[in-house]
Amino acid sequence: MAQTSRLAKDLTLKGSATTATIPRLVYGTAWKKDQTADLVYKALRNGFRGIDTAAQPKHYNEKGVGQGVQKAIASGFITRDALFIQTKFSPPAAQGQDVPYDLNAPLADKVHQSVRSSLSNFTIPGQEAYLDSVVLHSPMDTIEETMTVWNTLETYVPSKIRSLGISNTSLRILQSINTQANVKPSVVQNRFHNITQFESELRAYCRDEGIVFQSFWTLSANPSLFRSKVVRDIAIQAKATQVAAYYALVMGLEGITVLDGTTNEQHMKEDLEGLELIGTWAEGEGAAAWASALSQFKALIGETS
């Protein structure tokens with residue numbers, strides 16, 4: 001869908017090997033099992049252009065994501081170059097019984113096997129397969145092992161992988177990777193909740209370094225924040241849903257994309273349209289109300305800047 005507001009506009013991935021952008025709302029595919037292909041197709045049909053998955057059959061059906069993408073492209077309403085497809089290398093400790101690599105292989109070989117499996121799942125007939133982003137699902141046990149994974153992933157950039165990132169990371173580990181890596185992190189995907197003070201310090205570092213922060217558990221982990229008066233007020237004033245108002249305020253913290261895993265097709269549409277609706281309102285007649293609401297929202301999560 002058309003993006004006319006700053007709030008809804010794609011973010012630039014500064015660490016990417018190519019001039020790449022990432023949508024502000026990315027469709028999350030965890031725990032969707034046999035429904036994955038159908039839900040991904042519906043998400044794309046309703047306007048999502050970013051998809052997040054993982055080479056981790058325990059929680060993700062990456063093959064199903066690929067099938068949903070292929071069906072959407074075959075249907076003619078989307079092309080591969082209009083999509084942002086992100087998957088993950090998941091360490092052995094995060095895997096179940098079905099693993100996309102040999103558990104007895106050296107670490108670098110595990111990474112190679114996982115990437116090849118992911119590329120196979122996202123091969124479009126007649127096109128060269130590539131991944132817009134590959135994220136290390138969590139740091140390894142040591143920084144040395146973490147860098148082995150990272151350095152192995154770097155060998156695929158830019159031809160097969162366009163950008164790299166890390167999930168479930170501490171600020172210290174992120175800083176270490178950012179210092180040592182040849183291909184700098186483009187994204188960090190972490191939980192957004194009060195147990196980690198909404199990752200305020202880590203997000204500040206990401207903003208300073210031009211790293212996009214991907215927020216997950218954004219809605220389910222924060223029921224009180226979602227139900228707060230400031231969120232309700234924005235929804236009413238901008239004539240959008242409360243979910244869209246909440247996501248918009250999170251994105252208003254700057255440099256953030258949100259993983260949206262709704263399984264409701266109507267909600268898919270409402271979330272995307274609501275974000276644009278609020279963005280347009282916030283840049284026009286609602287400018288003062290939006291600025292005030294954002295200040296209140298920052299106060300609620302303990303953000304001082």
Side-chain angles (χ1 to χ4, degrees), residues 11-22 26 51-60 62 84-95 99-123 128-190 199 202-203 205-214 216 255 257:
L11 295 178
T12 299
L13 292 177
K14 294 184 179 178
S16 175
T18 59
T19 303
T21 59
I22 180 172
V26 175
I51 303 289
D52 174 80
T53 185
Q56 184 200 36
K58 180 180 179 181
H59 296 311
Y60 293 81
E62 189 187 61
F84 181 89
I85 295 175
Q86 174 174 279
T87 191
K88 305 178 190 76
F89 169 77
S90 301
Q95 299 283 3
V99 185
Y101 50 77
D102 180 359
L103 288 171
N104 295 316
L107 182 54
D109 288 348
K110 290 183 175 72
V111 177
H112 287 304
Q113 291 170 25
S114 182
V115 170
R116 285 197 294 267
S117 174
S118 295
L119 286 167
S120 175
N121 286 330
F122 292 104
T123 297
E128 194 74 24
Y130 68 93
L131 300 161
D132 295 280
S133 175
V134 174
V135 169
L136 173 52
H137 212 155
S138 62
M140 305 298 291
D141 290 340
T142 67
I143 191 60
E144 290 77 19
E145 288 182 333
T146 297
M147 290 311 302
T148 293
V149 172
W150 194 273
N151 294 152
T152 306
L153 290 172
E154 286 180 328
T155 65
Y156 292 91
V157 179
S159 60
K160 296 295 185 182
I161 298 173
R162 303 294 166 82
S163 58
L164 300 178
I166 187 165
S167 184
N168 301 298
T169 185
S170 66
L171 175 56
R172 179 183 61 82
I173 291 174
L174 174 60
Q175 289 171 323
S176 184
I177 294 172
N178 202 32
T179 299
Q180 297 182 53
N182 293 316
V183 178
K184 305 298 183 184
S186 293
V187 299
V188 167
Q189 186 185 109
N190 270 23
E199 296 288 11
L202 186 145
R203 286 190 292 105
Y205 178 79
C206 286
R207 285 196 300 272
D208 290 343
E209 295 295 316
I211 300 169
V212 170
F213 182 89
Q214 297 180 353
F216 75 96
T257 64

Can you list every ring pair (Phe, Tyr, Trp, His ring centres under 6.0 Å) pair that touches residues 163-188, not counting sequence neighbours?
none

How would you list, by chain and number, every residue that makes a ring-ring contact (aromatic ring centres under 6.0 Å, His included) with Tyr130, sequence neighbours excluded?
none

Please test Phe216 against Val26 for side chain to side chain contact (heavy atoms under 4.5 Å, CB included), starting from the C-alpha separation and ending with a verdict.
CA-CA 10 Å; Phe216 75 96; Val26 175; over 6 Å; no

Looking only at heavy atoms, the pair that brings Ala94 and Lys58 closest together is O-CD, 3.7 Å

Measuring from Ser138:OG to Gln56:CD, what's the distance to the nearest 0.5 Å?
9.0 Å

With sequence neighbours left out, what residues match Phe213 under ring-ring contact (aromatic ring centres under 6.0 Å, His included)?
none

What one should report as the nearest heavy-atom pair of Ser133 and Val187 is OG-CG2, 4.0 Å

Euclidean distance, Ile22 CD1 relative to Arg162 CZ, rounded to 0.5 Å:
14.5 Å

Measuring from Thr155:OG1 to Trp150:CH2, what's the distance to the nearest 0.5 Å?
13.0 Å

Once rounded to the nearest 0.5 Å, what's the spacing between atom OG of Ser186 and atom CD1 of Ile166?
13.0 Å

Distance col, row Ser118:OG vs Ile161:CD1, nearest 0.5 angstrom, shows 8.5 Å

Side chain proximity check, Tyr101 to Arg116, heavy atoms < 4.5 angstrom
no

In short, Thr148 meets Thr152 closest at the heavy-atom pair O-OG1, 2.7 Å

Between CG on residue Leu131 and CG on residue Leu119, distance to nearest 0.5 Å:
4.5 Å

Could you tell me whether the side chain of Tyr60 reaches within less than 4.5 Å of the side chain of Ser90, counting heavy atoms only?
no

Suppose we screen for side-chain contact (heavy atoms from CB on, under 4.5 Å). Which residues come up paired with Asn151, at least two apart in sequence or across chains?
Met147, Glu154

Flag side-chain contact, heavy atom, 4.5 Å: Cys206 against Val212:
no

Between the side chains of Asp132 and Gln86, is a donor N or O closer than 3.5 angstrom to an acceptor N or O?
no

With no hydrogens and no angle check, just 3.5 Å: does a side-chain donor-acceptor pair link Asp52 and Gln214?
no

So Thr87 and Val135, side chain to side chain contact (heavy atoms under 4.5 Å, CB included) or not? Walk me through it.
CA-CA 6 Å; Thr87 191; Val135 169; over 6 Å; no

In residues 169-176, what donor-acceptor pairs under 3.5 Å come from side-chain atoms, sequence neighbours left out?
from	atom 1	to	atom 2	distance (Å)
Ser170	OG	Ile173	N	3.2
Ser176	OG	Gln180	NE2	2.8

Which heavy-atom pair separates Val99 from Leu103 by the least distance, and what is that distance?
CG1-CD2, 4.0 Å

With sequence neighbours excluded, tell me which residues meet ring-ring contact (aromatic ring centres under 6.0 Å, His included) with Tyr156.
His112

Can you find a heavy atom in the side chain of Pro100 that is under 4.5 Å from one in the side chain of Glu62?
no

Could you tell me which non-hydrogen atom of Ala129 sits nearest to which non-hydrogen atom of Thr123, and how far apart they are?
CB-OG1, 3.6 Å

Between Ile143 and Thr146, does the side chain to side chain contact (heavy atoms under 4.5 Å, CB included) criterion hold? Intermediate values first, please.
CA-CA 5 Å; Ile143 191 60; Thr146 297; 4.2 Å; yes

Test Glu128 against Lys160 for salt bridge (charged side-chain N to carboxylate O under 4.0 Å, His left out), laying out the working first.
CA-CA 9 Å; Glu128 194 74 24; Lys160 296 295 185 182; 2.6 Å; yes

With the side chain counted from C-beta on, respond yes when Phe89 and Leu164 share a heavy-atom pair under 4.5 Å apart, and no when they do not.
no

Closer than 3.5 angstrom, by distance alone: can the side chain of Asn190 be matched with the main-chain N or O of Ser167 as a donor-acceptor pair?
no

Return the minimal non-hydrogen interatomic distance between Leu11 and Gly255, and the atom names on each side.
CD1-C, 3.8 Å

Before giving the answer on side chain to side chain contact (heavy atoms under 4.5 Å, CB included), spell out for Val134 and Lys88 the whole-Å C-alpha distance, their side-chain angles and the decisive distance to 0.1 Å.
CA-CA 5 Å; Val134 174; Lys88 305 178 190 76; 5.8 Å; no

Could you tell me if the side chain of Lys110 sits less than 4.5 Å from the side chain of Asp102, heavy atoms only?
no

